[in-house]
Amino acid sequence: MNKITKAIIPVAGLGTRFLPATKAVPKELLPIVDKPTLQYIIEEAAASGIEEVLLVTSAQKPEIGKHFAKDVALEDFLRAHGKDALCEKVAHLSDIVTLSFVNQEAPLGLGHAVSLGRDFAAGEAVAVLLGDDVVAAEPPALAQLIQVYEETGASVLGVQTVAEADVSKYGIVAPGEATASGCIVQRLVEKPAASEAPSNLAIMGRYVITPPIFDLLDDTAPGKGGEIQLTDALNTLAGQENVYACAFSGRRYDVGSQLGFLEANVEFGLARADIGEAFKDYLRTLCAHLD
Ligand code: G1P
């Protein structure tokens, strides 16, 4: 059993839900306050022990690489103008993890995106994080999954309960035997109708996957939406070996939806040491005038 030091993050999506903002700016670089959503995800990975990240991207998104690349000229400029704290924030970007990139040529689905990480994984168990799910948690959500992996040596899915009305938006887990490390997954369904959902335990964009998943992904036919689904390959895996569901603690924001994105901006803004108090005062005044 290897230590989890690698993560795959799929970022090739078109971000159509955020058009027109995402016409020229990748959705992963839209900020929560002043930090791109993808940076939160990569910082969570690093705080969970990840050293190398593979971004499965598209040729249309060179800005993502630019955000995390060293920019000596900008750092020199900031230092020369006495903006050392800001310079630290910029210099930090190229130090968080070692990044590599692979292009997903066609939008064939999350399962296909993850399958492109086979060479990167090189026979090891790896983490997968999805950029639409930003999680405020201590310990970080991925670290909670890795703990279960270290106890079991098995694949682990991060789950939280959702309202029945929302089950059709997620991969849903049918829970089996409960163990000290979490429940063993009996089966999985990608975005079932509420009437067909086996539970309201939804996969929330955090996974630890063991090496057999790559062969299973290659053999997985297109499923929901005509796309190759990671959930379907994990369902097959769950029939062959133990797969665990980890009900991680923490506040998860669906930053892939406009409402979730606004909630994240408000709550992260309130939590900020520099502007939090002033923002709270503003919100109090605003709320007093809402009908
Ligand atoms: C993906 C997965 C789904 C998971 C969700 C979490 O769906 O396919 O199983 O529950 O992410 O956010 P997407 O929202 O990308 O369509």
Side-chain angles (χ1 to χ4, degrees), residues 7-18 22 26-28 30 37-38 40-41 44-45 55-58 104 107-117 127-137 141-142 145 155-175 185-194 196-209 213 216-217 220-238 243-248 250-261 263-264:
I8 299 169
I9 306 181
V11 293
L14 292 172
T16 48
R17 274 196 283 178
F18 274 84
T22 48
K27 74 167 176 177
E28 295 79 9
L30 297 180
T37 56
L38 180 59
Y40 288 90
I41 306 280
E44 177 192 325
L55 293 177
V56 182
T57 183
S58 83
Q104 186 180 21
L108 299 178
L110 173 61
H112 175 253
V114 171
S115 77
L116 298 176
V128 175
L129 299 98
L130 305 187
D132 281 347
D133 300 289
V134 169
V135 185
L142 181 61
L145 270 69
S155 294
V156 186
L157 317 177
V159 298
Q160 288 194 333
T161 53
V162 295
E164 197 181 314
D166 289 331
V167 293
S168 62
K169 297 182 193 161
Y170 299 98
I172 300 294
V173 167
V185 172
Q186 200 178 64
R187 69 187 171 90
L188 294 162
V189 199
E190 179 68 6
K191 304 195 175 90
E196 279 156 27
S199 78
N200 61 349
L201 276 182
I203 305 173
M204 291 300 183
R206 297 292 182 278
Y207 311 77
V208 173
I209 50 174
I213 197 73
L216 296 177
L217 282 169
T220 298
K224 199 85 189 178
E227 296 186 342
I228 297 169
Q229 297 293 349
L230 178 58
T231 302
D232 292 344
L234 286 164
N235 182 48
T236 311
L237 186 68
V243 172
Y244 284 78
C246 166
F248 63 84
R251 168 85 163 103
R252 170 256 181 190
Y253 302 86
D254 174 12
V255 300
S257 76
Q258 281 95 348
L259 188 59
F261 183 77
E263 288 170 2

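Source: prediction; values computed, not measured. In listed order, ligands and their atoms are each counted from 1.
Within the 4.5 Å cutoff, no side-chain heavy atoms of Val114 are placed close to those of Val56.
Glu263 has a carboxylate O that lies under 4.0 Å from a charged side-chain N of Arg251, or vice versa, which qualifies the two as a salt bridge. Under 4.0 Å is where a charged nitrogen must lie from a carboxylate oxygen, and between Lys169 and Asp254 no such pair does.
Two rings, from Phe18 and Phe261, have their centers less than 6.0 Å apart.
Under 3.5 Å, the side chains of Glu227 and His112 contain no donor-acceptor pair of N or O atoms.
When heavy-atom distances to ligand 1 are checked against 4.0 Å, the residues falling inside are Leu110, Leu130, Asp133, Tyr170, Gly171, Glu190, Lys191, Ile203, Gly205, Gln229, Thr231, Arg252, ordered by chain and number.
Residues satisfying the side-chain hydrogen bond (donor to acceptor under 3.5 Å, both in side chains) test with Glu28, not counting sequence neighbours, are Lys61.
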